[in-house]
Student: 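Could you have a look at this structure, given as structure tokens, before my questions?
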Amino acid sequence: MPGVKYQQYESLDYAKLAAEVLTYWNQNQVFEQSVSLREGRPTFTFYEGPPSANGTPGIHHVMARTIKDIFCRYKTLQGYQVERKGGWDTHGLPIELQVEKELGITKDHIGKPESEGGISVEDYNRKCRETVMRFTDQWNDLTQKMGYWVDLDNPYITYKNEYIESIWWLLKQLYDKDLLYKGYTIQPYSPKAGTGLSSHELNMPGTYKDVRDTTIVAQFKVKPTGKSGFLFFDSADADVYILAWTTTPWTLPANSALTVGKDIDYVLVKTFNPYTFLPINVVLAKALVSRWFNEKGHQDSPNSPAFDAYLPNDKVIPWAILSEFKGEHLEGIEYEQLLPYVQPEKSAFRVILGDFVTTEDGTGVVHTSPTFGADDFRVAQAAGIPPIMVKDENGKEVPIVDKHGQFVNEITDFAGRYVKEEYYSDEERADPEFRPTDVLIAIKLKEENKAFRVEKYEHPYPHCWRTDKPILYYPLDSWFIRTTAKKDRLVELNKTINWQPESTGTGRFGNWLENLVDWNLSRSRFWGTPLPIWRSETGEEVCIGSVEELTSYVQKAQGSEVLTEQQRTQNDAYLQKLASGDYDLHRPYVDEVYFVSESGKVMQREPDLIDVWFDSGAMPYAQWHYPFENKDVFAKAFPADFISEGVDQTRGWFFTLHAIAGMLFDSIAFKNVVSTGLVLDKNGNKMSKRLGNAIDPFKTLAQYGPDATRWYMITNAEPWDNLKFNIDGIGEVQRKLFGTLSNTYNFFALYANLDHFTFTGRTVPVADRPELDRWILSKLQSLVLEVEEQFDGYNPTKAGRAVQDFVNDQLSNWYVRLSRRRFWSGVTSDGNMTADKRAAYETLHECLSVVAQLMSPIAPFYADWLYRSLNEGKASVHLTDFPIADKTLINTELEQSMEAAQGVSSLVHSLRKGHKLKVRQPLSRVLIPVLSADTRRQIEHVAPIIMSEVNVKAVEFVDDASGILKKRVKPNFKALGPKFGKQMKEVAAAITAMTDDELKTLEQTNALQLGTFNLQLSDVDIQTEDIPGWLVASEGSLTVALDVTVTDALRGEGIARDFVNRIQNLRKDRDFSVTDKIRIELERNNEVLAQAIETNRDYISQEVQAISLDLVSDLNGRASGPLATEIEMDEFLLRLTVERV
RNA sequence: AGCCAUAUAGCUCAGCAGGUUAGAGCAUCUCUCUGAUACGGAGAAGGUCUCUGGUUCGAAUCCAGAUAUGGCUACCA
């Protein structure tokens, strides 16, 4: 059709539509424009959490990126300039493991010569660099297809030199503030393999095995001081010991504290040592007394003669409880060192409190050795208790067990012994004289009256997956960020962040911050950001904060005599690379440069890499190569206004961003954060490629298009709830929302084109438009406000649902349905549109256009298609300004009226249904009982709508004055509650039993004394229940009655309407155009039918656009012709011809 | 084991500053409407609002505990 203003569509392929829109965007640089058009406007800063491109994207990435995209688009519409720099996370273990898998090697092969099947670090890292960007094409493809607007042309990449240089600068800031230090942490360690194990390695199947170990309940002798005085009240005849159980007796020489639970009940028990038979008083948890003491020996009193009667080797040992107290009273009590081989430098051997203590087993007192337990290390450090350490040959502090798993010389009795018997060879263990170290320790303690019980105990213990030998928890060197030093500030800053959902911020993240430990930065790997610290053997250190600094240190070193020839050559080689710009800050290159310290010692780089999470947490700075470049850009883009990632990032990216910003800039890194839930399969199981329940995002996008996919994900569940992804749900969204909206648009386009309507703004003043128009425009303004509020509150789900409800329930199923006639008539004699018709077009156009804007953040392709279809010449919905709600158009009363109309219509439909009266059969009237003039006026407003909607000829009202209404009175509990409280039941009963007279009194005087209760009108709900003699239906406070009498005239009209319906169907079947005129000849074979047709001939002719409608006695042989048809219509048989003119 | 979240119809979700008949959509079954609409409308059926206690005149809603599911964290001596 030439000159068509509004493109019409037969059927829509949403995926194709999106692809076309995408092409349009790319050709016209719409994304770029959406940013550049806002130049000079306030900025809204978004940080992209960098994905790792070493795997293929999944459907959950579509979810996460949709959230990000929505708010960036929304803020753009609101006039902000929203830059979105993409990024790639390129370092880290997952990439290394993938490379190892592909090369068929393990960590041990790296750095070994090729002749031994090894691979150089150089080659290995090259492989990592290639691997990590392998899937970028797929990622870019997904980004495009799903409509995620992010700048992929200039992404930040964490392995780039510039990025690493910024990280080094940050680390140096930390270092200079004394927030970066070398310490140790307790890690799983395999002495036989000589290596630490990652938690991933510890979680491999089969690592935990049940073993039978020698366990000891050791006696720690309490020093009588002020704090412990209450334990000695009894007498001086017995020493007081605290009992602690251990499954690793070899750690006892390293004991430096005992940990108890603050709120656990403990008792002091009088008894005898079972090995030395000496009288003792011991402390243990009350709940565990029965675990260690035989009930037969129980004495009620410490003065029991049983104690005096006790003889060594007696089977039953008498015991009695002396006193009971909470764990907190034990705090600070000092005890004698159990095995005094090594003295700590600071004071130790105190009772401390720990949150991990239970009374599940043991004695409720935990033997604490900071060098061999992570919990131990943590609580001891917090309490200022030193570990038991010795100095090695270099004067370095080391634990009392060396890296081979043997006691050091200082542990004289056991020097050189392996702490675990499994570390001995099978031959050694076969010797009948062989005793495991744990047993030897047990014997020694028994002899010294330091063991309360020695027994075998079976429990699970982790083993090294490579050597099959038990692992040790062992202190290993690590570099730390002293996050604990800034903990309070980090907690404070967190309170200024808007978390969505709130619980993640206050609960998960807040708790995490409260229990913060120092950030272990070290990773003993190869592919990552190297730690920029050089150290000499004597502990002289320098932290490098830039490439320039690195260069200058290397240059300075070249002048020194200390370096070997080879070191100097390597330095030279690197200096040349630095000079040419063709350098690499990764291993192994930075490992091969050497500095010289002030005192003339060679300095080498600390071999560690840093935690990759530092990489991503550094992105606010490093993405701009701050502070070496872009200082101004950074200043404008920090902190972020908005970030969003999965809830699993709480302790990952969210934390690292927060920690770095807080520690170095005393600032938050982001103001608003949406943490999203997981995407599960439709049964609520985790998606995994292994289980085959993973959804391929590309397939989904190809089948349903990105808009329905995004819409489904956003509106089905709130983003932070887990989404049970059911692909059928996308189909539903597509049919219900996009289908309805497209049909609505097509309807508009069809008639607008016929009438040559072109939207040129509001030419008909809103005030002059009919109720229906003013109503939908009022609803539309309310919708704009609602959507804006929800987007502002980072609630995309509620925003989407509001749009959906508007489109389905208000716009399509009410406004358009009731307005149809206005579109297909309404031409004045001179061929121009009536104002009413014009108003209808303008109203519908405005609704559709605004809906396109409101939905555009969520469904960007479709919304743009819709918007541009409606507004020829406009570049894109994404370049528009967010609609501003005109509050003067909001008419609450009208909205209520329309609600009443909808309610009344629904009830009438229901009554018709009950009496098998189809809507085509006109009825004379509905009767609506109203109790207030307000209600009456409200419904009167919309009476014409009701009449046409339910096909009745009149809406009548019965008010109270008629006296025929039957009322029902119900208690209004909400109002009564505060007044009568406990008497509620009585009041409610009295109200229900109220007489008509009493009710009248209440209504007229607004007061009623009912028994002892003084009631007001507002204390009750009055509803009409019935109109005697009528058929009624009610819903809530609304009641309608329907006159179901069908007179002959009404019957005739009904037949006429049925007839019209049949002709319309016929026209449709025969593919007549909407504008075609016809001639009808109908056989006169039934008088009722004939009369009905004749009486309503004008009406019928107009409806079906017949220029003639004749009743003939027979069809003159044309009954079998191509124009003839026979149709059954209820009890009538229609024989007729229909001819196009 | 600890922390966080969730638990409402067959399915997906609303409702949750406590108010006595717990809603919607999808799916099922009747029926119906349609000159934009593979849409809509009416009806039917479908619920001990996970369980147990508590607070209250009144609890799906608030509190405590339990159970289940999911996530994160973790060395149970």
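The figures here come from the full heavy-atom set of this structure, side chains too, leaving out hydrogens, waters and symmetry mates. Below, read A as the first sequence line, B as the second, and so on, with proteins coming before strands; counting in each chain starts at 1.
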Student: With A/F372 as reference, evaluate A/W250, A/Y473, A/Y189 under the ring pair (Phe, Tyr, Trp, His ring centres under 6.0 Å) test and give the passing residue.
Tutor: A/W250
Student: Choosing from B/A77, B/A5, B/G19, which nucleotide comes nearest the side chain of A/S503?
Tutor: B/A5
Student: So, OP1 or OP2 of B/U34: does either fall under 4.0 Å of a side-chain N or O from A/R920?
Tutor: yes
Student: Give the rounded distance in Å between these two atoms: CZ of A/F738 and P of B/A38.
Tutor: 18 Å
Student: For the side chain of A/K736, counting heavy atoms from C-beta on, which of B/G71, B/G25, B/A36 is nearest?
Tutor: B/G25
Student: When the C1' atoms of B/C26 and B/A45 are considered, how many whole Å apart are they?
Tutor: 15 Å
Student: Does anything in residues 712-730 of chain A come within less than 4.0 Å of RNA chain B? Heavy atoms only, and list the residues if so.
Tutor: A/N716, A/A717, A/E718, A/N722, A/K724
Student: Can you check the A/L911 CG to B/G41 P distance for me, whole Å?
Tutor: 18 Å
Student: Please identify which of these residues, A/Y815, A/F823, A/Y6, meets the ring pair (Phe, Tyr, Trp, His ring centres under 6.0 Å) condition with A/F748.
Tutor: A/Y6
Student: Just to be sure I understand the rule, does A/T247 reach a base, reach only the sugar-phosphate, or reach nothing, if contact means heavy atoms closer than 4.0 Å?
Tutor: sugar-phosphate
Student: Name the closest nucleotide to the A/R820 side chain, picking from B/A36, B/A42, B/G71.
Tutor: B/A36
Student: Under a 3.5 Å distance rule, please check whether A/D1019 uses its side chain to pair with a backbone N or O of A/L976 as donor and acceptor.
Tutor: no
Student: Can you tell me, in whole Å, how much space there is between the P of B/U30 and that of B/G19?
Tutor: 39 Å
Student: Can you list the steps and then say if A/T709 with A/Y14 is a side chain to side chain contact (heavy atoms under 4.5 Å, CB included)?
Tutor: CA-CA 11 Å; A/T709 305; A/Y14 296 98; over 6 Å; no
Student: Take the protein atom CG of A/L737 and the nucleotide atom C1' of B/A24, then report the distance between them rounded to whole Å.
Tutor: 16 Å
Student: For A/R822, is there any backbone N or O sitting under 3.5 Å from a side-chain donor or acceptor partner on A/Y751?
Tutor: no
Student: Taking the side chain of A/R801 as its heavy atoms from C-beta onward, which of B/C13, B/C26, B/A77 lies nearest to it?
Tutor: B/C13
Student: Across the strands shown, which category fits A/N972 at heavy-atom distances under 4.0 angstrom: base, sugar-phosphate, nothing?
Tutor: nothing
Student: Counting only side-chain heavy atoms from C-beta out, which of B/C4, B/U34, B/G40 sits nearest to A/N511?
Tutor: B/C4
Student: Of the nucleotides B/U37, B/A77, B/A38, which has the atom closest to the A/R735 side chain?
Tutor: B/A38
Student: Checking base pairs now: Watson-Crick or wobble, both atom distances under 3.5 Å. What partners B/U55?
Tutor: none
Student: Can a donor-acceptor pair be found, under 3.5 Å and without considering hydrogens, that links the side chain of A/T368 to the backbone of A/V366?
Tutor: yes
Student: Please report the distance separating the C1' of B/C76 from the corresponding atom of B/U61, rounded so that it comes out in whole Å.
Tutor: 38 Å
Student: In whole Å, what separates the C1' atom of B/A27 from that of B/C3?
Tutor: 39 Å
Student: Return the nearest nucleotide to the side chain of A/K974; candidates are B/U37, B/A77, B/G19.
Tutor: B/G19
Student: Tell me, with the steps shown, if A/E718 and A/K798 meet salt bridge (Lys or Arg N to Asp or Glu O under 4.0 Å).
Tutor: CA-CA 8 Å; A/E718 303 210 287; A/K798 292 207 167 86; 3.6 Å; yes
Student: Only counting residues at least two apart or in another chain, list the ones meeting salt bridge (Lys or Arg N to Asp or Glu O under 4.0 Å) with A/D1058.
Tutor: A/K918, A/R920, A/R1062
Student: Which base, if any, makes a Watson-Crick or G-U wobble pair with B/U28, both distances under 3.5 Å?
Tutor: B/A44
Student: When rounded to the nearest Å, what value does the distance between C1' atoms of B/U21 and B/G15 take?
Tutor: 15 Å
Student: Indicate, with a heavy-atom threshold strictly under 4.0 Å, whether A/V987 touches base, sugar-phosphate, or nothing.
Tutor: nothing
Student: Please give, in whole Å, the distance from B/C72 C1' to A/W653 CH2?
Tutor: 19 Å
Student: Using a cut-off of 4.0 Å on non-hydrogen atoms, how would the nucleic acid contact of A/E732 be classed: base, sugar-phosphate, or nothing?
Tutor: sugar-phosphate
Student: Scan A/S906 against the nucleic acid and name what it touches under 4.0 Å (heavy atoms): base, sugar-phosphate only, or nothing.
Tutor: sugar-phosphate
Student: Would you please test A/Q500 and A/N795 for side chain to side chain contact (heavy atoms under 4.5 Å, CB included) and show each step?
Tutor: CA-CA 8 Å; A/Q500 194 68 290; A/N795 279 310; 3.7 Å; yes
Student: Is the distance from OP1 or OP2 of B/A36 to the nearest side-chain N or O of A/Y751 less than 4.0 Å?
Tutor: yes
Student: Salt bridge or not between A/R912 and A/E949? Use side-chain N to carboxylate O under 4.0 Å.
Tutor: no
Student: One pair to check against ring-ring contact (aromatic ring centres under 6.0 Å, His included): A/F654 and A/W512. What are the steps and the verdict?
Tutor: CA-CA 11 Å; A/F654 294 158; A/W512 165 256; over 10 Å; no
Student: Between B/U12 atom C1' and A/W711 atom CH2, what is the distance in whole Å?
Tutor: 17 Å
Student: Counting the atoms with a prime plus P, OP1 and OP2 as sugar-phosphate, which does A/G362 contact under 4.0 Å by heavy atoms, base, sugar-phosphate, or nothing?
Tutor: nothing
Student: Which of the following nucleotides, B/A36, B/A38, B/G41, is nearest to the side chain of A/H909?
Tutor: B/G41
Student: Going by the glycosidic torsion and a 90 degree boundary from 0, is the base of B/A7 oriented syn or anti?
Tutor: anti
Student: Any strand counts, and the cut-off is 3.5 Å on both contacts for Watson-Crick or G-U wobble. Which nucleotide pairs with B/C49?
Tutor: none
Student: Rounded to whole angstroms, how far apart are CZ on A/F654 and P on B/C72?
Tutor: 14 Å
Student: Take atom C1' in B/A14 and the same atom in B/G54, then report the distance between them in whole Å.
Tutor: 28 Å
Student: With both distances under 3.5 Å as the test, what is the Watson-Crick or G-U wobble partner of B/U69?
Tutor: B/A5
Student: Taking the C1' atom of each, how far is B/G53 from B/U67, in whole Å?
Tutor: 14 Å
Student: Rounded to whole angstroms, how far apart are CD on A/E645 and P on B/G71?
Tutor: 19 Å
Student: Taking the P atom in each of B/G47 and B/A9, what is the distance between them to the nearest angstrom?
Tutor: 10 Å
Student: Which nucleotide sits closest to the side chain of A/T740: B/C39, B/C26, B/A77?
Tutor: B/C39
Student: Without decimals, in angstroms, what is the distance between A/L844 CG and B/U37 C1'?
Tutor: 13 Å
